[in-house]
Each structure stands twice: as structure tokens, then as C-alpha cells.
Q: 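Sharing a structure, written as C-alpha cells. Questions coming.
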Amino acid sequence: MFKRILIANRGEIAVRVIRACRELGVETVAVYSDADRAALHVREADYAVAVGPPPARESYLNIPRIIDAARRTGAEAIHPGYGFFSENAGFAQAVVDAGMVFIGPRPDAIHRMGDKVEARKLMAAAGVPVVPGSPGTLETEAEVRALVEKIGFPVMIKAAAGGGGKGMRMVEHEKDLSSAVRSVASEAQSSFGDGRFYVEKYLSSPHHIEVQVLADGHGNFTHLFERECSVQRRNQKVVEESPSPFVTPKLRKAMGEVAVRAAQAVDYLSAGTIEFLVDGDRNFYFMEMNTRIQVEHPITELVTGIDLVKAQIEIAAGGRVPFKQSELKQNGWAIECRVYAEDPEHGFVPAPGRIDTLRLPEGPGVRNDCGVYEGSEVSSFYDPMISKLVTWGRDRSEAIGRMRRALSEYMVSGTLTTNLNFHRWLMDNPRWIAGEYDTRFINQEYHPETMAAGADFEQLAGLLAAAFAASRGNHRPPQTPAANSGIQRQSVWKTLGRIDSLRR
Amino acid sequence: MFKRILIANRGEIAVRVIRACRELGVETVAVYSDADRAALHVREADYAVAVGPPPARESYLNIPRIIDAARRTGAEAIHPGYGFFSENAGFAQAVVDAGMVFIGPRPDAIHRMGDKVEARKLMAAAGVPVVPGSPGTLETEAEVRALVEKIGFPVMIKAAAGGGGKGMRMVEHEKDLSSAVRSVASEAQSSFGDGRFYVEKYLSSPHHIEVQVLADGHGNFTHLFERECSVQRRNQKVVEESPSPFVTPKLRKAMGEVAVRAAQAVDYLSAGTIEFLVDGDRNFYFMEMNTRIQVEHPITELVTGIDLVKAQIEIAAGGRVPFKQSELKQNGWAIECRVYAEDPEHGFVPAPGRIDTLRLPEGPGVRNDCGVYEGSEVSSFYDPMISKLVTWGRDRSEAIGRMRRALSEYMVSGTLTTNLNFHRWLMDNPRWIAGEYDTRFINQEYHPETMAAGADFEQLAGLLAAAFAASRGNHRPPQTPAANSGIQRQSVWKTLGRIDSLRR
Amino acid sequence: MRYQAIVDGAGHELEIEEIGSNSYRVKLDGRTFDVDLRPTHGSSFLALVGNRTFDFSISTEGDDLLMISRRGVNRVTLMDRTRRRLAASGERAVAGRVELKAMMPGRVVNVLVKAGQEVAADQGIVVVEAMKMENELKTPKAGKVVEIKVSVGQAVEKGEILAVIE
Amino acid sequence: MRYQAIVDGAGHELEIEEIGSNSYRVKLDGRTFDVDLRPTHGSSFLALVGNRTFDFSISTEGDDLLMISRRGVNRVTLMDRTRRRLAASGERAVAGRVELKAMMPGRVVNVLVKAGQEVAADQGIVVVEAMKMENELKTPKAGKVVEIKVSVGQAVEKGEILAVIE
């Protein structure tokens, strides 16, 4: 096993990897931009190295600085997390060239799966079904129009180098085509440094279902069943569950086998995910492979009992997949709600800011992977995730009940806006509760403008009294809540000041 | 199902029951003493009723006030938690007499198991093995001496009405007998209002192992396997695990069957626990039955997937045990560390106080059932528990690794002292790691006076700089940690004050 | 103290009297409630109204208070009489005028129109990048661009006015 | 600023200089370290010494600072020269004298000896009840009871002297 690992990431996934390392007795090195000097992942690590100014391209995406940080701290391996360098074959190669271990697939597999157009071709050749669309990349709006005339609206325009829901636009009407092509090409260039894009048929009522795979260097290729990721806004996942209520045992078996075949086709190593689109008739098509750990990996961990990040590290150190395919079962049900600093009432736009009060859910069946702490900032430089709230239950109904309960305990206040109310709405939505939804779900069902918060007279009286007291500054925290105990809270800082004055 | 339940308890168990209710869609009523007006269980409940001054006997143990609170708020059932009224047949009967449901066993079963001497007789008659000792209660030191001459030292002197590790003393040497008899008789009188006590042979190297049972009103009596509770200080449990590393499959089967037989002997209803002493040769003896939910129930929940508190509520509402015995398996391994405000370096004496900073562990495989929040007070009026930290792993080794990691994330500062360092020591102890321990473990292995914290030069430099800065009051919280982001943290209270001044 | 309270857009007549160190008498639209209020953690309050408990965290947005509870978020504006008059007379004068505001902090990466230009409903006006996503802000209604207040490369704050269309 | 620092009973020569708003130069027993220090949450600090991170929560006990970290608790006393001299001359004068202190807040339920009485090592002196547990406090060494400072029924604070034995 490694003695020390550098984590080339930030936020909750950096903390997640640090936790896995600590459980394995491995020391951790955090890297941080100037905006993250006191971020949670720095607090949790054993070592920390500054790698540059806040913009990611100058810090978290600066290859020489990251490699140098690993060298200076004696790290033997680098875990990329998700995002940033996680699917960058050049970085993976640079790590290997520096004599260190990249915790993830071999650079070649990243490269082949990273070009979405090449990946489509490769998968088709391996007998994996793919979505109808352009055989290769397109370059002009005219080419797109020509293809669309053949396959018809709706279509998805996707960056060839994209992934993770970024650099893509769905177009239903001719009038939106220009703006979508412009956006994707521009986003692809600025985000991935590669302006090429391609076009796929947008399936009528698709489910976004993915299969987790895990492979080692000893010829073991396994899958850990599916995740249902159809609850999406802005083409990005926001709630996931495992198992999928839409997947039948027969479909599960078929998708698992195809996923393993896809992983074998690129001689895959470590954890990865095959994303499929599944239509209303349960036909499934390869969409892309994510050659990294994914945001939503915890639901698979809760249902299978396997720690995927620890498995990644052990496999990178030469170990084996820690189970046989035949031993693995789906036990119970898990749901993940991604808690973001974003505003669901205004198109889910990011709404970062400072966190003044943070109250996190706990108790049975609740896992919360958090990347922030009270008093910290959700920075506009990075992904506005606050935490991933995951619940487990013996069945879907218990998992939903626990999520509803956990959401009721979760409170965030400050200059940011959160999507907690969206999740609360979802957990009470009849179609969600029935498990009858596809990727169109949020667009069809979520109408925040028609929803009133609603408060009865007693609640109103309580909140107006609190608002009144707060606006008069009557109660300045921190104060003792146990006012009746007769013990007055005294600031530790005041005490410390007094001690010091005695000393001088 | 009930519409509304009153929880006649406080602290983490009251919060635990509120969580179960909320997951079931049941409204909750908290009761609180004057010391608990802003306690966590009050914050989490839907309704709250004041029941008296801080001393428990005047509030949480005041039957008319509790019953009246339930009546006034329209509660249909009362959950007693553990401690307080949980094993008080008189209270259970008062609840029934008031036309409400007591969530627990029938008063008769509480009564028969509550008298430890009668319970011993009852179990012996049912063919359950019991520890050698006095056939009935004793009253004088002379009687004790006469019995000890027959069965020999060491002996346990126990309050007949005791339980939960309270009201008992182990005596190894003749010289300690007087003081022990005096303490037990006095404690029994003051804590349980019943000064009777009895004497049992203290087994040479006993394990304290208990079996969880669950029974409904439809004739289903089941068990949920064992918990190993041998890590004890002051005769009270502090760390538990399930499964027990000491229990063989054969012993597990035998103890499970005997536990079910014991529950059937008192026509048991709801969740309960049969506590056994197991000697080095794996002979097991009935010690007592706890006719309530226990502190350490979460480890059984994590290993079996069953929510015991929800099962209690469902059974009280007429439901059934939510599984068949044959369906139930032990899946993985769970460990619980009880985090107390106590001082392990000074005989584990309670060390309550105010919590200034509270940083709780999160992430994979971690469950923390907490009864306090930052800024709140661990009151000297009640049990000094802060939380129950529980980890799950695929095997014992993973569960220990996660506990070690979770403990490293857990920080509490303030005027209290915690036993977190004791738990950290335990998770690194070779005998614990090997699973080779019995109830003598802490006395034999834990020598805090010989343990130095140890700090290298860099750590010393860091902590002295922090101490220096703190003592000069250079950094007054709250401040923004993201000082480089250019955004100055401004107190919300200051802002609120300014808004108000504009208004007036 | 008498107030006009606006909660989630609905107006309420409010009278509040402090009757003890943690107690308030609240007269709300003619009904009276006694509220026991305790600060707990951070900017949070626990309110007891009769036997009901309400746990609020409070934050501010402009002159509004956001009351965050397990039941959701309520937006509260408290106004005394002077203030209420001001609000009543000052608003709605800008009907027919559209202020395009930044929904999030970010950077302007493109300005698609010029001042003086006629635009159609749904036409893209400004592109703002935040969190690596580019967001094309469109005008909800047709009209004439009165003013473009930002330029390419400029950082913008949440709520900042980017363009005005009439 | 020069200090004598006592960390967990061991003395260290300490010189600290503030070299920036979050930076300190620490000279510790002749070795020099640059420490970058940030307040985080509550009474916590994140310290970076070279590339190593240390996360401390701080509380006080009397004149001592308790530095709580993931590695455990360290007790720190900082003293300037005057104070050090005072401490050096004032202590150890009470050797041979035992002050029996309350380990926790509680209530005295029994006093087992009288002032003037000779007591054996390990003999019970006072019984204190806290959290429903009765704790018999014993004298670690034989001697004579000089003073009993409490009486039955009295509430005692943590650290309060209950009896003195010489």
C-alpha cells in the first residue's frame, strides 16, 4: 500500500478520498488554490500545498504545479477525484512519467473513451448498442442542419471532449438551433480546449441509467449494478437512486453484461461508469463512459457494501477487486440528493455565497458527504456543491421516508441559496414516489412559480417574532441556550484576552 | 398508525425516536425540563411541553405531568426511550389507564423482569441458565458475608431494582465489602426508591454479551443476534460491537434460541434485550432482561438493516415484526463508541460543561446519533452523553478503520472533557484489534498516566502559534476563512441592526 | 410596535410587544399569540407558540429577511408606517421596463446586442459564464435596448443589472 | 515576544513574532518555523507549518489552553518571564499536603471523616453524587485530616477542594 497520496481536487470529493486514505492508514496531501486556503479538504488532510490563484486553470488544472506538489511532499500516487484532471489522459501520463501512480484507468483508456465520437465507434465495433447520430464530429451549423434533416428533432448537440453533463444542449425546435450550436462550440472550446462537437438523436422519453464497473490489473472485470439518474435539470443529474425502479431483472442482467464488455474493450482498470440511455421500451444505448469515480458513487456503495474509493486505491496499489461478481447482491435501496448552492425557482442557476448557519442531518440510514463547513464560502470559482445527502432503506419507500426526514433536519442560511426546497418538493411528488419518471420529469412536473410556501397563523406568529427580534439585534449569538441553568456563556475569546492581560 | 406520539425522554434517544416518527409521517411531542428549553430534542420535535424544574424527579420522572402533556397535545401513544420511565411498570400502566398506548412491553412483563431477583427465579424455571448467587434479596452486610463465604470472592452486589449498569459494585477483596454494600444500598434507595439488593458470583473472565429480541402481538417472537458489550468502565458499557468476535455460530444459535424462550416466558411485546454473562469456556448465564430499547441498538440496526425504533412503533400500533427469522442475516460488522462528557484520565468521572466547538464526523459507513449541538450544554442534571458514534464495515477490520477515521474527524471543545481520546486509544490497542478482550479489559489495559500525547516540533510550533494568537485575541470568531477571496465576513446581526436603524 | 409585514408577498397587520426577556406578544391580523423565543446556534432561533415548536435560521437578502425552517423558506419584510407609504407609492412606476439581472455572480463572456437595437421576445442579450456554464440571458419581451450596463470580461454580482429593455 | 511554554508538562523556550496578518515566525528550543494560521469555525484554527496541516480547537481550563486536535489534546501554558519566576518560587511548597478535589460538579451526599482524624491510605473521605452515581473519594496517602471544606447536601463545582489531608 502507498504511504502517502496526493488528491488533485477540492470540495467533497477531496474529503471523500482523504477519508478512504485515512481508513487505509495512508497519509494525504491536499492541494489548494488561494481561495481554498482554509477549505474543508485542507483542514482534513495531513499535508497541504498551495498551487496557485483561484481560477482552476491556474491552480487545480496546472499540471506542473500539481506534479511538483506531489514530488515535494513525497506522495507516491495521485487521486484525481471527479472533474478537473480526472478524465485528462495527458495528466495521467504526466503522473506516470513522474514515476508516480495515477489512481484510475490507464491513460490510453481515458484517451479512447474521452473522445466521445471515437468512443461511439469503438463501442459499436464491440457490439454495444449506440444512439443514432452523426458518425463523426461536425464543424458548422450547416452540417448540423443537414444531419437533423435526416434524423429529425429533437437532437442533442454535444462537445466531443465533453462529459459530466457539461458542453451539451438539447434542441427541440429549429429556432433554438443557432444559439445551441454557438453555446456548445464556445463552451467546448473554453471548458475543454476542443471546440469539436457531434449530434445525437434525442430519445423521446429516455431514462438515464448507468452501470458501475470495477476492474483490476489481474483480469477481473466486474459490475456493481445500475444507478438511475433521470432526475436532471440543465441536463445535469441532481437526484439518483439505486436500484432503478424502471430496470427489470432481465434488463439489469443485460446491461451489466454489456457494461463489462465495454470495459474489457478498452482494457479498463479501476472504477468507471458506462452511461446508457434507455427508451420507454427498455431498449438501451451506450451514451458515454466516465473513466473516473462519479459524484453519485455513494448510492452504489450503500447498496453493495463496497467502498469504491478504497477499492480504487487498492487496485492502483496492485490489489484485486474485493469481491467475486457472484457474491455481490443489491441490498436495500439508496437515494442521493445533490445539495447545491443554486436557485431552483430561477432555472436552477448557481447561487453561491457564504454559509452562516449549517445544520446537517444525522441518524439512521443517512450519509452526508459534505465539502463545506459553517462559516465557509461556496465560491463562484468552482462547482457550487454543498454536499451529497444519501439515504439507505430496506426498500425504496423507507429510503424516501428517510430522505424526507433528513431534508427536514438540513438547514443552511447565509448569502447563498440552496436547492433543499426542490428536494423536499421532489420527495412529496406522487410520480417520483411511484417511481414513474424519466429525464423529462423536472421540466414536466416542477413549477415553482405556482407553489406557495404556506404558513399557518401560529407559524407566522413565530417567524414574525423571530424576524422582529433578529432585526432589533436583540439576540446576538453566541449565547447560552440553557438560560435557565444559571450559567452565563462567556466568550472563550474574552476569557483568553483576560488571561493574556494578566500575563503581560 | 398513530397521528402523534409523545416522547417521555430527552437527549439523543428522544431525537432518535423523533427521527423514526418523522420517517413514518407521525407528529412528535417533546417534553422538556427548564434546563432543556432549547435542547436538541425540543428543536427537532413538532410540539413541546414544559414539565418542570431541572431535577429529573420533578420533570422527566413526574408521571402526572407527562400524562397531562400527552393529553393536552392529543398524543395517542408515548415512547419512553431508555432510562427514566422506560422500565417503570407503574408509568406504563398509567399510560394505558389514560387511554393511550405505551410503546414497549406490557406492564406485567416490565414488572416481572424489573425485579432482578424475581427475574432470576422466572428464568431458571423456564430452563434459562442463571449465574450462581443469592436465591433472593439480602438486607444486611452480615447476610452478604455469609453468602460470600459459600460462593467466594469476587462477587457482584446489585440493586434488585437496578439495571443499565447502575446500582452495582464488584468486590474482590474482603476490605472493600463494607463500602460496596453501603454504596449499593444507598444508590439503590436514592436512584430506584428500593434499597433491596442481591449478590451474584462474579465470573472470572466474563464476556457481557446480549441478544436483541423483537416480538409482536401476533405471536411472532424473533431475535436479531448478539451484541458484544464487554468494553466497560465503572461497570457500564462504553463500546459495543455486533457480531461478537467471541461468539461462534453454535453459541450464537444457542443464545438466540434461549433469548426467544426468555421473551416468550413473559409474553414479551416490542423490542427487548436478554443480557448474558459468558465465561471463557463459552458457558452463558442469564443476567437480566432490559425491557426497553437500548443505548447500543444502532449496531444491530446496521448489521441487520432493521430499524428497531420504527418496528417498536409499528408493533405498538398493532403491526407485525417486519421480517421472518429465517430472512434475517448478519451483514458486515458494526461498532459503537459512546461519546461522553467524562474524564478517562481520572477514573472516567463525568465532566459535563458547555460545548463551544462541535465538529462531527460524516462520510461512508458512519452514523452519529447526537443529542447536543454547538453552543449547547451537557448538563450535570442528566446522563453526560454527547453522542453515539457508530461505524459499519464489510468486516471487523473495515469497521475499526472507519471508527479510527471518524474519531479523527470528531472534535469537541468547551468547558467539558470528553472520552474521545480513550476511544482513539482503544482503536489502536492490539488486544482490541485482535478481538481478544473480556469485561476486565479496560482495567487491565488502560493506563492513561503512562501515555504521553506526544507532539513533534512542527506540531508544537503550530499549536504554540495558535495558542499565542488565541491568547492575544488576534482572531475573534466568526471571521471569514476565505480571506483571500476578498469578501469580508460581516455579521448577519450587524446587517440586521443596520436594516432596522434605516427603518425607524 | 406596529408593523406592516409582508410574508411571501402577502401583507399582514402586525403588532409586537416584548413581554419578557424571551417572550413576545404578537398580534397578527387581529389574533393574539404569545411567543417564547430562544437563540440557539449561529443565527438560529427556536420559537414556541403555544405547544408548537418552530426552528428558524435567519439570513438577509437586501431589506428582506429569509426565514429558513424545516418547512421551507419564507421571505419577510417588516415595515413601519413611513416605510410602507414609501413602498406603496414608489413601485410599479417601472411597468413595461425590463431590467435584465445576473442570476448569479460570474463573468460576462458575450454581449449579443447593442444599445438602441430593437429586440424580439426570447432574444439572447448577454452571455454570462459561472461555474463553467455559459448562460445566455434572454429578454422576456420584445422592445428596445435602452442600456447595456456591462462589457465583455466584466465580473458581475448576483442581482446586478446587465441591460435595460423598454 | 519571548515565552516559556509548558506543553503537557514539558518546558520549551519560545519566541514568537507576527510577520504578517496570518503568519508567525516561531522559534522553538532554537529551531525556527514559519506558521501560517487561519481561524476557521468557532474557536478553531488551521495551522500550516511547512506543508503539514494542523487543525486545532481551543478551549481554556484555568490559565491553561487546551489544544484539541485529531491527534489528541495538548495542554499548553504560556508564561512570560515574570510569570515564570512566580511559578517557579510559588510551587512545591505544598508537598506532602493532599487537596482532595471534586472531579465533577455534583452534590455531597456523605462525609465519612472528621477534621483532626487520622486516616489510612485509600480510606474514603467524602461521597459525591453526580449523574446518579455515588463516588467515594479516597485519600491517596495516610495522614491527618486538616480540614473538611464541605458539608452534606452542598453542591460542589469541578475542581473544588473538598478536604485537605497532611
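Throughout, protein chains are lettered first and strands after them, A, B, ... in sequence-line order, and every chain is numbered starting at 1.
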Q: So do the side chains of C:M67 and A:L464 get within less than 4.5 Å of each other, counting heavy atoms only?
A: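 No, too far: nothing below the 4.5 Å cut-off.
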Q: Restricting to non-hydrogen atoms, name the atom on A:A461 and the atom on C:V35 that form the minimum distance, rounded to 0.1 Å.
A: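 Looking at all heavy atoms of both residues, the shortest contact is O-CG2, 3.9 Å.
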Q: Applying side-chain contact (heavy atoms from CB on, under 4.5 Å), run through C:V127 and A:R182 and close with a yes or a no.
A: CA-CA 11 Å; C:V127 183; A:R182 200 162 52 223; over 6 Å; no
Q: Test side-chain contact (heavy atoms from CB on, under 4.5 Å) on C:N74 and A:Q459; report intermediate values, then the result.
A: CA-CA 11 Å; C:N74 299 97; A:Q459 183 178 0; 3.9 Å; yes
Q: Return the set of residues passing side-chain hydrogen bond (donor to acceptor under 3.5 Å, both in side chains) with C:N51 (not counting sequence neighbours), or none when no residue passes.
A: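 With neighbours one apart ignored, the set is empty.
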Q: Suppose we screen for side-chain hydrogen bond (donor to acceptor under 3.5 Å, both in side chains). Which residues come up paired with C:S57, at least two apart in sequence or across chains?
A: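 side-chain hydrogen bond (donor to acceptor under 3.5 Å, both in side chains) list for C:S57, sorted by chain: C:S44.
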Q: From A:S380 OG over to C:R107 CZ, what is the distance, rounded to the nearest 0.5 angstrom?
A: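 Those atoms lie 5.5 Å apart.
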Q: Measuring heavy-atom distances to chain C, does A:S186 have an atom under 4.5 Å in its side chain, in its backbone, in both, or in neither?
A: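 Both parts, backbone and side chain.
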Q: Once you measure the plane-to-plane angle for A:F457 and C:F33, does it fall in the parallel (<30°), tilted (30-60°) or perpendicular (>60°) bin?
A: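 The rings of A:F457 and C:F33 lie parallel, inter-plane angle below 30°.
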Q: Does anything in residues 403-417 of chain A get under 4.5 Å of chain C by heavy atoms, and if so which residues?
A: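 The residues closer than 4.5 Å to chain C, in numerical order, are A:S408, A:E409, A:M411, A:V412, A:S413, A:G414, A:T417.
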Q: Looking at C:R71 and A:D456, does any basic side-chain N land under 4.0 Å from a carboxylate oxygen?
A: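 Salt bridge: no.
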Q: Grab the two heavy atoms, one from C:I16 and one from A:A465, that are nearest each other, plus how far apart they are.
A: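 Looking at all heavy atoms of both residues, the shortest contact is CD1-CA, 4.1 Å.
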Q: Is C:D55 in contact with chain A via its backbone, its side chain, both, or neither, using a 4.5 Å heavy-atom distance?
A: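 Contact with chain A: backbone and side chain both.
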Q: Would A:L463 and C:F56 count as a side-chain contact (heavy atoms from CB on, under 4.5 Å) if you check the C-alpha gap in whole Å, the side-chain angles of each, and the deciding distance to 0.1 Å?
A: CA-CA 7 Å; A:L463 78 82; C:F56 299 107; 3.2 Å; yes
Q: Go through the structure and list residues passing ring-ring contact (aromatic ring centres under 6.0 Å, His included) with A:F348, not counting sequence neighbours.
A: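 Scan of A:F348 (ring-ring contact (aromatic ring centres under 6.0 Å, His included), adjacent residues dropped) gives A:F422, A:Y446.
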Q: By a 4.5 Å heavy-atom criterion (distance strictly below it), what part of C:S69 contacts chain A: side chain, backbone, both, or neither?
A: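 Looking at C:S69, backbone and side chain both touch chain A.
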Q: Taking all non-hydrogen atoms of both residues, which atom of C:H41 and which atom of A:L358 are closest, and how far apart?
A: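 That would be NE2-O, 4.4 Å.
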Q: When rounded to the nearest 0.5 angstrom, what distance separates OG1 in A:T357 from CD1 in C:I68?
A: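 Rounded to the nearest 0.5 Å, the OG1-CD1 separation comes out at 7.5 Å.
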